[in-house]
Peer 1: 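Encoded as structure tokens, here's the structure I'll be asking about.
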Protein chains: 2
Amino acid sequence: MTSVEEPARPGERIRDAARTRAEILDVATQEFARAGYDGARVDEIAARTRTTKRMIYYYFGGKEQLFTAVLERAYGVIREAEQQLDVDHLDPVAAIRRLAELTFDHHEQHPDFIRLVSIENIHEAHHIAGSEKLGRIGSPALDVIRRILASGRASGLFTADVDAVDLHAMISSFCFFRVSNRHTFGALFGRDLLDEGQRAHYRAMLGDMVIAYLTAERTAD
Amino acid sequence: MTSVEEPARPGERIRDAARTRAEILDVATQEFARAGYDGARVDEIAARTRTTKRMIYYYFGGKEQLFTAVLERAYGVIREAEQQLDVDHLDPVAAIRRLAELTFDHHEQHPDFIRLVSIENIHEAHHIAGSEKLGRIGSPALDVIRRILASGRASGLFTADVDAVDLHAMISSFCFFRVSNRHTFGALFGRDLLDEGQRAHYRAMLGDMVIAYLTAERTAD
DNA sequence: TAGCTAACGTACTGGTTCGTACATTAGTGA
DNA sequence: TCACTAATGTACGAACCAGTACGTTAGCTA
């Protein structure tokens, strides 16, 4: 999520539009993820940048548009990662487990993204709806899931006629919840879902669950 | 979630501490759920009450404590509902499906509660941690799950040696995600997870998933 | 090298928002 | 019935915060 890491040589290297813009986005991502949309402070974002508040309005127009830009970039990062998915060489069962594991890993590695999505849901996806870049973009992972499901059904390994979007929701919900609800779950049940020692356990549990669901013999249809 | 519904006879019925307190909590629940902690306005809460802002500070002390009180009551409602759970007369498979369905229904029926929990997670469960009533309260559903799992294992129906808290997390994650991420999911995939026509489908899917997981033959252990 | 414009900084403003000082009254117990 | 306190209302203040008016300069181009 970090795209600016110049050594910050003092005094030097002024007037770099691209860098300034990117730096604002980096800091804004952290600040919005930290405090939510209304909790985030434009002054605080500016203070943690090598530029001033004026530039935020110069480049983005306002707090609202800045948040939209943050979301757009965050979703862009996810899309790129999902496009790297390569599980076609595996058999359907192994492929779906691998996909679940990669989704699991990805959620764990991007807690700020999870927080931004949670925040955007509190605001009823208002910013996504107003963004040309984000409306109905779907997810590259969906195509992967579709291919795996088709091949699994063809080979008779998968008994259930499952919809790709539904399976994506099933996998995502577990991965997302583990990160998004970590704090309340921990406070209520005294168990940290992100505990390092439990990581492999939950990762396997997700895979087992999905495979079991896809390969179970249905009593009725 | 609504506990005050007096006919509001004008001018009458002044000086009712319990009612005033409850009315503030009702309105505050809506306002916090609507806008998040920082987005919520104390003045707005007061305006939508038959009393004044002064009373909010009189009864609760401040915005922070008011939010904690809102959370405490919301969790209290959930606990009460979970205590009504009665699935002991069913066989383990039917019992676990019934439990999943009731969890599913309950999440769907209390979107404000889901939003409050999401908001509290953004704030890293700070208010729960500071509340005597909420620390480590767990969930009555956990005991039910423990009983069902024990009986399922004893009868040999459940192959997996699953932990109750983990199973609770699995069920909750799907139910929670469906409500909490409804808006971003809908905006991105063009599918409303709360669509009335899909309700039975997702409800069955959750049950199928859990049952498949619990009854699947494991390849390794 | 002159001039033009994109990029940047400073200082301020107007409205908002949490919180409170102060005044008042309903209802209860002696 | 009288006094006392719990409950309530009004009006205001001080800090905060998004957004902007205005001024400046770096660096490219003709």
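A note on names: the letters A, B, ... follow the listed sequences, proteins ahead of strands, and every chain is numbered from 1. The shown structure was predicted, so the numbers you read here are calculated from the model rather than taken from an experiment.
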Peer 1: Considering only side-chain heavy atoms of Tyr58(B), which listed nucleotide, dT8(D), dA18(D), dA7(C), is closest?
Peer 2: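 Nearest listed nucleotide: dT8(D).
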Peer 1: Are more than 12 heavy atoms, taken from residues, nucleotides or ligands other than His126(A), located less than 6.0 Å from that residue's NE2 atom?
Peer 2: no
Peer 1: Separation of Met55(B) atom CE from dG19(C) atom P, in whole Å?
Peer 2: 15 Å
Peer 1: How would you label the contact of Ala40(B) with the nucleic acid (heavy atoms, under 4.0 Å): base, sugar-phosphate, or nothing?
Peer 2: sugar-phosphate
Peer 1: Below 4.0 angstrom from OP1 or OP2 of dC18(C), is there any side-chain N or O of Arg41(B)?
Peer 2: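 Yes, within the criterion.
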Peer 1: Just to verify, which of Ile148(A), Val162(A), Leu142(A) counts as forming a side-chain contact (heavy atoms from CB on, under 4.5 Å) with Leu167(A)?
Peer 2: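 Looking at Ile148(A), Val162(A), Leu142(A), the match for Leu167(A) under the side-chain contact (heavy atoms from CB on, under 4.5 Å) is Val162(A).
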Peer 1: Among the candidates dT17(C), dA18(D), dC8(C), find the nucleotide nearest to the side-chain atoms of Asp43(B).
Peer 2: dT17(C)
Peer 1: So, is Thr51(B) close to the dG9(D) phosphate, meaning a side-chain N or O under 4.0 Å from OP1 or OP2?
Peer 2: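 Answer is yes, contact under 4.0 Å.
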Peer 1: According to a strict under-4.0 Å criterion, is Tyr59(B) in side-chain N/O contact with OP1 or OP2 of dT8(D)?
Peer 2: yes
Peer 1: Just the rounded figure in Å: distance from C1' of dT17(C) to CD1 of Ile45(B).
Peer 2: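 My rounded result for the distance is 12 Å.
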Peer 1: Whether Thr20(B) contacts dA7(D) is assessed here as follows: a side-chain N or O lying under 4.0 Å from the phosphate OP1 or OP2. Is that the case?
Peer 2: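 Thr20(B) to dA7(D) OP1/OP2: no side-chain N or O under 4.0 Å.
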Peer 1: For Phe60(B) and dG19(C), what is the distance between atoms CZ and P respectively, to the nearest whole Å?
Peer 2: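 So the CZ-P distance, Phe60(B) to dG19(C), works out to 14 Å.
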Peer 1: Whole angstrom is fine here: how far is it from CG in Asp16(B) over to C1' in dA6(D)?
Peer 2: 13 Å
Peer 1: Which whole-number value in Å describes the distance from Tyr57(B) OH to dA11(D) C1'?
Peer 2: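 Nearest whole value for this atom pair: 15 Å.
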Peer 1: Once you round it to whole Å, what is the distance between P of dT20(D) and CD1 of Ile56(A)?
Peer 2: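 Taking atom P of dT20(D) as the reference, CD1 of Ile56(A) is at 13 Å.
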Peer 1: Classify the nucleic acid contact of Arg54(A) as base, sugar-phosphate or nothing, counting any heavy atom under 4.0 Å across all strands shown.
Peer 2: base
Peer 1: Write down the distance between CD (Glu64(A)) and C1' (dC17(D)), rounded to a whole number of angstrom.
Peer 2: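 Rounded to whole Å, this separation is 15 Å.
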Peer 1: Which pair of heavy atoms, one from Glu23(B) and one from Arg50(B), lies closest together, and at what distance?
Peer 2: OE2-N, 3.0 Å
Peer 1: Tell me if the side-chain of Lys53(A) makes a donor-acceptor pair with the base of dG9(C), cut-off 3.5 Å, by modelled atom types.
Peer 2: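 Looking at the base of dG9(C), it does not pair with any donor or acceptor on the side chain of Lys53(A) (distance under 3.5 Å).
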Peer 1: Mind listing the closest non-hydrogen atom pair of Tyr37(A) and Lys63(A) along with its distance?
Peer 2: O-NZ, 2.9 Å
Peer 1: Could you check whether Phe113(A) and Tyr75(A) have their ring centres less than 6.0 Å apart?
Peer 2: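 Distance test on ring centres: under 6.0 Å, yes.
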Peer 1: Give the rounded distance in Å between these two atoms: NZ of Lys63(B) and P of dC18(C).
Peer 2: 5 Å
